[in-house]
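Note that the coordinates shown come from a computational prediction; the quantities given were computed from them, not determined experimentally.
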Amino acid sequence: MKRKLGFGLMRLPLLDPNKQSSIDIEETKRMVDYFIAEGYTYFDTAWMYCGFKSEKAVKEVLTTRYPRNAFTLTTKLHSAFIKTKEDRDKIFDTQRENTGVEYFDYYLLHDIGYDSYKIYNELDCFSWISEKKAQGLVKHIGFSFHDNAEMLDKVLTEHPEFEFVQLQVNYLDWDNAGIQSRKCCEVAAKHGKPIIVMEPVKGGTLANLPEKAGNMFKSYNPQMSIPSWAIRFAASQPNVMLVLSGMSNMQQMQDNTAFMKEFTPLNDEELKIIKEAVDIINSNIVIPCTGCSYCTDGCPQNIAIPKYFSLYNAEMQELKGKFWTPQAEYYDRLTAVYGKAGECLECGQCETVCPQHLPIIKHLKEVAQRFENGEN
């Protein structure tokens with residue numbers, strides 16, 4: 001791995017912003033070419049990314065265009081899509097076909113947590129993934145994780161065969177009582193497992209800060225972008241071997257590859273500024289959604305949950321007393337394509353798959369109250 005930045009293929013450029021599967025292949029090719037030309041090699045995808053089209057896009061934009069030794073490819077097996085032991089190989093074989101590779105450099109059991117851990121144990125996925133490594137079909141095995149530090153310690157204690165762990169690490173979640181980024185990093189270090197970071201910019205949340213927080217960063221170093229602080233924070237943590245960034249346009253690609261090319265860890269003064277920024281941000285963000293969209297697959301009402309939460313957060317950050325804000329207009333336009341927040345059936349499927357363990361049903365009611373009942 002030549003550099004400490006990886007290309008996360010979950011938020012690719014789209015031809016239709018309302019359709020996650022409408023990947024802009026030509027623009028993605030240009031981004032891949034730029035990424036590799038700058039000396040980066042690591043690409044991260046998964047079975048369900050981009051409406052189940054990300055892995056197929058990998059074949060078009062990467063694996064048919066570059067020799068196998070020019071890139072590092074990672075994908076994952078998610079517990080939500082396996083019901084039998086036979087499903088494990090069905091998905092794995094399809095993933096190899098989709099991506100066009102004979103082997104994966106890194107392969108993960110996706111989103112291990114309290115409930116999914118039971119499924120992975122029941123279907124013997126730990127022996128299965130180890131066998132894939134023994135067969136040479138996977139070079140390195142690990143897992144991504146969205147749960148508390150105690151659960152992470154349990155998994156790593158019971159399964160020392162894993163070589164790395166993928167954790168959500170960012171400065172907003174660092175001391176969050178629910179996500180426990182710091183504590184999870186400490187557990188990984190205790191077990192001697194290197195960390196791959198996901199959600200360093202928290203789904204774009206840390207790229208669009210309250211004005212006061214953003215000004216603090218810009219005053220200190222006008223040349224550095226707001227997202228660069230978040231990515232550098234994650235990369236500065238001990239035991240972090242790689243930080244994934246879900247880049248969705250060329251501007252983000254150029255920015256990220258530039259400041260990570262000669263990576264410099266944050267100094268004490270920068271860390272102090274981040275701490276002050278966290279206090280400001282926490283007073284503004286109402287719903288800490290990362291926009292992963294796990295909640296939308298299978299929603300019986302086709303509710304655009306992450307999009308609505310993003311609008312709600314933006315609405316809540318508006319200055320009080322403004323006569324007009326744009327969020328309601330955006331909401332109305334989205335409801336022409338998606339179900340309204342107020343149409344939620346409260347079936348709960350979204351909450352069972354949310355990596356952030358958000359009370360989605362409660363927040364949808366808040367969104368509906370704000371945008372559908374004329375409060376704005």
Side-chain angles (χ1 to χ4, degrees), residues 6-12 14 17 20 44-51 54 76 78 80 108 110-113 116 143-148 165-182 184-185 195-210 213 226-227 229-231 233-234 237 243-249 252 256 277-278 281-282 284-297 299 303-314 316-317 341 349-364 366-367:
F7 190 174
L9 305 175
M10 184 171 77
R11 298 182 177 94
L12 294 174
L14 303 176
Q20 290 299 307
D44 173 275
T45 185
W47 179 250
M48 79 287 283
Y49 286 177
C50 297
S54 179
K76 314 170 187 77
H78 197 292
L108 290 77
H110 200 170
D111 189 18
I112 285 186
S116 61
F143 61 94
S144 61
F145 184 82
H146 290 285
D147 211 319
N148 59 45
V165 61
Q166 188 161 303
L167 299 175
Q168 178 168 317
V169 179
N170 59 69
Y171 62 72
L172 193 58
D173 295 329
W174 190 240
D175 290 310
N176 182 284
I179 298 172
Q180 300 184 342
S181 285
R182 181 202 295 269
C184 285
C185 285
I195 297 165
I196 293 177
V197 171
M198 56 185 166
E199 301 291 354
V201 191
K202 202 169 173 67
T205 295
L206 302 183
N208 298 283
L209 303 182
I226 300 300
W229 287 76
I231 292 175
F233 174 88
Q237 303 309 317
V243 177
L244 295 171
S245 179
M247 296 168 276
S248 55
N249 58 55
Q252 294 172 1
N256 289 352
V278 168
I281 298 166
N282 279 334
N284 284 271
I285 292 178
V286 181
I287 306 176
C289 170
T290 69
C292 71
S293 292
Y294 290 3
C295 56
T296 58
D297 290 328
C299 173
I303 298 172
I305 298 169
K307 294 179 186 293
Y308 293 168
F309 286 175
S310 177
L311 287 179
Y312 187 78
N313 282 334
M316 293 298 101
Q317 291 183 19
Q349 80 85 25
C350 54
E351 295 189 351
T352 65
V353 297
C354 177
Q356 312 308 316
H357 310 294
L358 297 177
I360 294 176
I361 296 170
K362 171 179 174 289
H363 288 318
L364 283 175
E366 294 166 349
V367 171

With no hydrogens and no angle check, is any side-chain donor or acceptor of [X] less than 3.5 Å from a backbone partner on [Y]?
{"X": "H110", "Y": "W47", "answer": "no"}
{"X": "Q237", "Y": "C185", "answer": "no"}
{"X": "T296", "Y": "A304", "answer": "no"}
{"X": "N176", "Y": "L172", "answer": "no"}
{"X": "S144", "Y": "D111", "answer": "yes"}

Does a side-chain heavy-atom distance below 4.5 Å link [X] with [Y]?
{"X": "N170", "Y": "V201", "answer": "no"}
{"X": "I226", "Y": "L206", "answer": "no"}
{"X": "I112", "Y": "D147", "answer": "no"}
{"X": "C354", "Y": "I360", "answer": "yes"}
{"X": "P288", "Y": "L358", "answer": "yes"}
{"X": "P355", "Y": "Y294", "answer": "yes"}
{"X": "W229", "Y": "L209", "answer": "no"}

- Message: With a 6.0 Å cut-off on the ring centroids, do H363 and Y312 count as close?
- Response: no

- Task: Could you tell me which residues satisfy side chain to side chain contact (heavy atoms under 4.5 Å, CB included) with S181, sequence neighbours excluded, listed by chain and number?
- Result: D173, W174, I179

- For a side chain to side chain contact (heavy atoms under 4.5 Å, CB included) with I287, tell me which candidate from N313, L364, I305 qualifies. N313

- Carboxylate-amine/guanidinium contact K76 D44, below 4.0 Å: yes

- Message: Quick check on side-chain hydrogen bond (donor to acceptor under 3.5 Å, both in side chains): which of Q180, Q356, E199 does Q168 satisfy it with?
- Response: Q356

